[in-house]
Number of protein chains: 2
Amino acid sequence: MAEKQPRFERLTADQRRERLVEASINCLAAEGIQGFTVDAICREAGSSRGLIVHHFGSKDALLAAVYAEVFQNVLVGLDALDPDTATPEALVEIVLSGGFMDRKYLKVWLALWGEISVNPGMQAEHRTLNTTFREKLALSLQAMAHKRGKVIDGHGVAILLISLADGLWLQQSIDQSLLASDRAKELCLSVVNAALTGGLTA
Amino acid sequence: MAEKQPRFERLTADQRRERLVEASINCLAAEGIQGFTVDAICREAGSSRGLIVHHFGSKDALLAAVYAEVFQNVLVGLDALDPDTATPEALVEIVLSGGFMDRKYLKVWLALWGEISVNPGMQAEHRTLNTTFREKLALSLQAMAHKRGKVIDGHGVAILLISLADGLWLQQSIDQSLLASDRAKELCLSVVNAALTGGLTA
DNA sequence: TTTGCTATTGTATGATCGTTCAACAGTGGC
DNA sequence: GCCACTGTTGAACGATCATACAATAGCAAA
């Protein structure tokens with residue numbers, strides 16, 4: 001007689017946490033923060049609701065873990081960049097199309113931004129990661145300006161570029177017909193080039 | 001013997017709808033989309049849950065009414081502007097600090113953006129209003145450039161300015177310490193002035 | 001004072017919510 | 001095959017959810 005399939009697969013703690021975080025991201029992407037429920041996440045992960053409390057302590061703690069995963073992916077793109085050889089095109093690619101920046105993640109970001117704005121722990125972490133992101137971008141921008149014999153406020157241009165990219169990304173994620181991807185890229189490049197050539201001061 | 005206070009105040013349909021929309025905005029501002037519940041809104045409005053269905057048909061229809069109210073306020077600031085005499089400072093003030101752009105409304109916007117991205121009716125309306133906003137801004141920008149003897153792509157600069165303002169506003173609303181209001185204003189002005197003087201092409 | 005109109009209340013309903021925790025079950029060591 | 005360890009399940013619980021709708025009540029006209 002055929003052997004019975006196991007009812008569930010035992011995983012290591014890290015594997016299980018990774019699966020729950022991934023399932024959470026999918027639920028947020030599909031339904032926003034209102035789709036972030038214990039039952040919906042368990043259905044997506046193919047597991048049971050007790051696991052969330054067992055591995056994370058609470059649903060809120062799971063959201064914090066989602067944030068860490070998402071933002072680490074944003075930083076990874078910049079980590080791979082050589083500040084001395086980076087091009088404006090490469091920078092623009094990172095700020096517009098980096099980790100978790102497909103428009104399907106709009107509702108993940110909306111949920112995280114909402115939570116960061118009221119959760120002191122997440123806000124502190126966001127501040128740290130965002131500052132790191134700016135500083136790395138500033139280094140690359142300063143190196144590019146230096147190559148053109150120019151001196152710029154790299155930090156100011158980094159803030160400018162990140163904000164512009166966020167705004168463009170948000171607009172086209174909300175309604176794709178309002179702005180084409182190529183157009184967004186062009187606008188970012190224009191601003192970076194203007195900043196590097198002295199046409200614009202940040 | 002003292003006369004009894006009436007249990008409730010009868011209002012006209014328009015008055016009652018306005019109160020419910022206002023209460024909804026307050027609930028969204030405080031708790032985001034998860035605070036947008038029938039009971040929370042009724043507590044805030046000082047009324048009873050039956051009123052929401054009576055006046056709006058459903059909670060979702062109430063959210064659509066909230067959107068209309070919020071976005072009309074955004075347009076109002078621009079309507080008051082004379083395109084022939086507007087200054088870069090005035091435009092920047094409108095895109096950064098116009099109607100419902102205090103940072104306390106962050107979660108209202110996050111909720112609306114989430115809903116617009118999946119609700120075809122709201123998305124169509126948003127497209128219309130957003131396009132109107134861009135066109136009005138473009139007229140003012142073109143008039144400013146004309147005064148300087150320059151020809152610009154007003155529409156392109158309008159997209160640039162709106163996106164930059166959205167990104168800056170979002171960043172400082174999420175975490176106030178990441179960006180000062182004055183700094184955001186300066187960056188917007190730099191970009192507008194660079195666009196008007198030919199230092200930057202959109 | 002009475003009456004009609006209709007704004008408004010709030011109970012009932014079935015469903016869903018997050019957490020708790022006793023019991024179950026996968027699996028490797030002996 | 002037995003057993004211990006511990007990952008995992010899912011019912012129970014009290015709370016909250018949105019909508020339906022019968023009954024109540026404000027108030028102006030007659």
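Note on naming: letters A, B, ... go to the chains in the order of the sequence lines (proteins, then strands), and numbering restarts at 1 for each one.
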Quick one: closest heavy-atom pair of B:Trp169 and B:Met101, and the distance?
-> NE1-O, 2.6 Å
Any luck finding a side-chain donor-acceptor pair between B:Ser47 and B:Arg19 under 3.5 Å?
-> no
Can you tell me the distance, in whole Å, between the CZ atom of B:Arg19 and the P atom of C:dA7?
-> 15 Å
Neighbour count >12 (heavy atoms, 6.0 Å) for atom NZ, B:Lys104 = no
Among the candidates C:dG18, D:dG26, D:dC17, find the nucleotide nearest to the side-chain atoms of A:Lys59.
-> C:dG18
Mapping A:Val53 and A:Arg43 onto DNA chain C by nearest heavy atom, which one lands closer to the 5' end?
-> A:Arg43
When you check the phosphate oxygens OP1 and OP2 of C:dC21, does a side-chain N or O of A:His54 lie under 4.0 Å from one of them?
-> no
Assign B:Arg16 to base, sugar-phosphate, or nothing according to its heavy-atom contacts below 4.0 angstrom with the strands shown.
-> sugar-phosphate
Closest non-hydrogen atom pair between B:Ala202 and B:Asp153, with its separation | O-OD2, 4.0 Å
Whichever of A:Gly46 and B:Arg7 has its nearest DNA chain D nucleotide further upstream toward 5' | A:Gly46
Identify which nucleotide among D:dT9, C:dT9, D:dC17 has an atom closest to any side-chain atom of B:Thr37, counting heavy atoms from C-beta outward.
-> D:dC17
Any donor-acceptor N/O pair under 3.5 Å between C:dT11 base and B:Arg49 side chain | yes
Scanning both residues in full, the closest heavy-atom pair of B:Leu28 with B:Val108 reads CB-CG2, 3.7 Å
How many Å lie between CD1 on A:Ile52 and C1' on D:dG7, as a whole number?
-> 15 Å
Do the side-chain N or O atoms of A:Ser48 get closer than 4.0 angstrom to the phosphate oxygens (OP1, OP2) of D:dT8?
-> no
Report which part of the nucleic acid B:Phe36 touches: base, sugar-phosphate, or nothing (heavy-atom distance under 4.0 Å, all strands).
-> sugar-phosphate
B:Ala13 or B:Gln34, whichever maps to the more 5' nucleotide of DNA chain C | B:Ala13
Classify the nucleic acid contact of A:Leu11 as base, sugar-phosphate or nothing, counting any heavy atom under 4.0 Å across all strands shown.
-> sugar-phosphate
Could you tell me whether the side chain of A:Arg10 has a donor or acceptor atom within less than 3.5 Å of a complementary atom in the base of D:dG7?
-> no
B:Val38 vs B:Glu9, nearer the 5' end of DNA chain D by closest nucleotide = B:Val38
